[in-house]
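Each remark here refers to the structure printed beneath this line.
The sequence lines fix the lettering, A, B, ..., with proteins before strands; numbering per chain opens at 1.
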Number of protein chains: 2
Amino acid sequence: MDTITTSAQEGTLPFAGHTDVTVTDHVAGRCQAVNDILARVGDKWSMQVVMVLADGPVRFNQLRRAIDGISQRMLTRTLRALERDGLVSRAVTPSVPPRVDYSLTELGRSLREPVLALGSWAMANRETIDAARTEFDRRAI
Amino acid sequence: MDTITTSAQEGTLPFAGHTDVTVTDHVAGRCQAVNDILARVGDKWSMQVVMVLADGPVRFNQLRRAIDGISQRMLTRTLRALERDGLVSRAVTPSVPPRVDYSLTELGRSLREPVLALGSWAMANRETIDAARTEFDRRAI
DNA sequence: CCGCATCCAGCAGGATACTG
DNA sequence: CAGTATCCTGCTGGATGCGG
């Protein structure tokens with residue numbers, strides 16, 4: 001069994017307003033949570049799943065087909081991680097064959113907004129970024 | 001020499017408004033850029049660097065000390081990746097000893113806003129998430 | 001249909017030592 | 001001071017096969 005406890009890469013993110021604390025470094029303990037979320041948002045499949053789920057409940061294999069390239073294993077793992085964080089809920093219909101629907105929780109839906117903001121930024125600046133990369137690579141030969 | 005070309009995990013993010021396209025899947029080529037950015041934002045050190053750089057130019061070892069736990073190697077790699085994407089600029093003062101200042105570009109500064117939005121979301125919901133995790137782990141024994 | 005277990009390649013990322 | 005080079009480890013994530 002693959003444990004999923006979310007490696008939760010430790011470290012801190014000095015978020016605005018670390019008006020300086022006397023102890024360790026900056027707010028340390030508290031905004032490590034931010035890094036945690038960033039890691040989940042940044043992983044290969046999480047946000048793709050969230051975006052597909054945005055339109056309503058979707059079954060496992062629908063999800064699998066909707067997200068091009070994802071393996072069964074990774075879909076399961078991603079869904080479990082999202083479920084563990086309370087972003088996705090899992091509804092089992094004990095029929096034959098079994099039916100499992102996944103949907104966003106209220107928390108999951110609330111995450112869409114900031115992620116979409118980031119997505120808009122990415123779309124708005126992708127050409128600039130591509131140009132910067134090309135230029136950087138050209139100068140490095 | 002470690003190449004840095006940003007593994008750019010391929011895949012697509014079906015962003016709002018994929019009113020369905022006839023071809024491959026969803027917008028495919030275009031919003032793969034979003035995943036790309038998400039990966040950079042989600043990696044272990046990038047955003048910590050960006051946040052420290054927010055206050056103005058910072059030298060290499062200042063950065064190293066400011067970001068607790070980062071290795072020299074990873075700081076270099078992270079800075080190169082950010083520089084390649086046009087988010088950070090590098091200014092060398094050829095003195096003895098050498099001095100190198102890193103600062104955010106305009107693009108880099110513009111990234112702070114959506115990332116801070118995500119950070120606020122994380123801070124606002126971290127207790128809910130922690131509770132969800134504890135509950136999930138409890139039920140799984 | 002849903003999902004777990006196993007095996008395996010590749011890369012992220014840490015520690016260390018060495019240069020201009 | 002600001003890196004680069006080398007080595008080594010553990011996790012991520014893909015492929016495949018089995019079970020309820």
Side-chain angles (χ1 to χ4, degrees), chain A residues 1-11 35-36 38-49 57-84 88-103 140, chain B residues 1-11 35 38-49 53 57-84 88-103 140:
Chain A
M1 163 62 149
D2 282 311
T3 47
I4 43 170
T5 12
T6 302
S7 56
Q9 19 165 270
E10 55 203 301
N35 251 2
D36 209 49
L38 254 43
R40 167 133 350 288
V41 165
D43 91 16
K44 201 173 178 180
W45 304 110
S46 289
M47 289 307 107
Q48 298 198 52
V49 169
V58 182
R59 297 182 61 176
F60 187 85
N61 277 340
Q62 284 180 331
L63 220 35
R64 187 156 155 54
R65 281 186 296 271
I67 303 175
D68 186 73
I70 195 171
S71 65
Q72 196 169 40
R73 176 183 144 91
M74 288 316 296
L75 181 52
T76 303
R77 285 175 67 94
T78 302
L79 285 168
R80 286 296 167 283
L82 291 171
E83 195 191 349
R84 191 175 107 97
V88 159
S89 69
R90 182 172 180 270
V92 184
T93 308
S95 55
V96 187
R99 175 194 177 97
V100 181
D101 287 282
Y102 292 93
S103 53
Chain B
M1 164 62 149
D2 283 310
T3 47
I4 43 169
T5 11
T6 303
S7 56
Q9 19 164 273
E10 54 204 301
N35 252 3
L38 255 42
R40 168 135 344 288
V41 166
D43 91 15
K44 199 173 177 180
W45 305 110
S46 289
M47 290 306 106
Q48 297 198 53
V49 169
L53 256 38
V58 182
R59 298 181 61 174
F60 188 86
N61 277 340
Q62 285 180 331
L63 221 34
R64 186 155 156 53
R65 281 186 296 271
I67 303 176
D68 185 74
I70 196 170
S71 65
Q72 198 169 37
R73 175 184 145 91
M74 287 316 295
L75 180 54
T76 304
R77 287 176 66 94
T78 302
L79 286 167
R80 285 295 168 283
L82 291 170
E83 195 190 351
R84 191 175 106 98
V88 159
S89 70
R90 183 172 179 270
V92 184
T93 309
S95 54
V96 186
R99 175 193 178 97
V100 181
D101 287 281
Y102 291 93
S103 53

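Judged purely by atom type and a 3.5 angstrom limit, B:Arg99 has no side-chain atom pairing as donor or acceptor with the backbone of B:Arg59. In this structure, the side chain of A:Thr93 does not engage the main chain of A:Ser95 through any donor-acceptor pair within 3.5 Å. Judged by distance alone, the side chain of B:Gln48 and the main-chain N or O of B:Trp45 form no donor-acceptor pair under 3.5 Å.
Comparing C:dG3, D:dG3, C:dC2 against the side chain of A:Asn61 picks out C:dC2 as the nearest. For B:Val100, taking side-chain heavy atoms from C-beta onward, the closest of the listed nucleotides C:dG3, C:dG14, D:dA2 is D:dA2. Side-chain atoms of B:Phe60 lie closest to D:dG3 of the nucleotides C:dG14, D:dG3, C:dG3. Between C:dC1, D:dG3, D:dC1, one nucleotide has an atom nearer to the side chain of B:Arg65 than all others, and that is D:dC1.
The CG atom of B:Leu38 lies 14.0 Å from the NZ atom of A:Lys44; values are rounded to the nearest 0.5 Å.
At a threshold of 4.0 angstrom between heavy atoms, the contacts of A:Arg64 with the nucleic acid are absent.
A side-chain donor-acceptor contact under 3.5 Å links A:Ser89 and A:Ser103.
Here the P atom of nucleotide D:dT6 and the CE atom of B:Met74 are 18 Å apart, to the nearest Å. To the nearest angstrom, C1' of D:dG14 lies 8 Å from CZ of A:Arg73. When rounded to the nearest whole Å, the span between NZ of B:Lys44 and C1' of D:dT12 equals 14 Å. Atom-to-atom, CZ of A:Arg59 to P of C:dG3 comes out at 10 Å; the value is rounded to the nearest Å. Counting to the nearest Å, the C1' atom of D:dG19 and the CD atom of A:Gln72 are 12 Å from each other. The CD atom of B:Gln48 sits 14 Å away from the C1' atom of C:dG13 (whole-angstrom rounding). Between A:Arg40 atom CZ and D:dG13 atom P the separation is 11 Å, expressed in whole Å. The separation between B:Tyr102 atom OH and D:dA2 atom P is 8 Å, rounded to whole Å.
Regarding contacts with the backbone of C:dC4, a side-chain N or O of A:Arg80 is found under 4.0 angstrom from either OP1 or OP2. Contact annotation: A:Arg90 does not reach the phosphate of C:dC2 (side-chain N/O to OP1 or OP2, under 4.0 Å).
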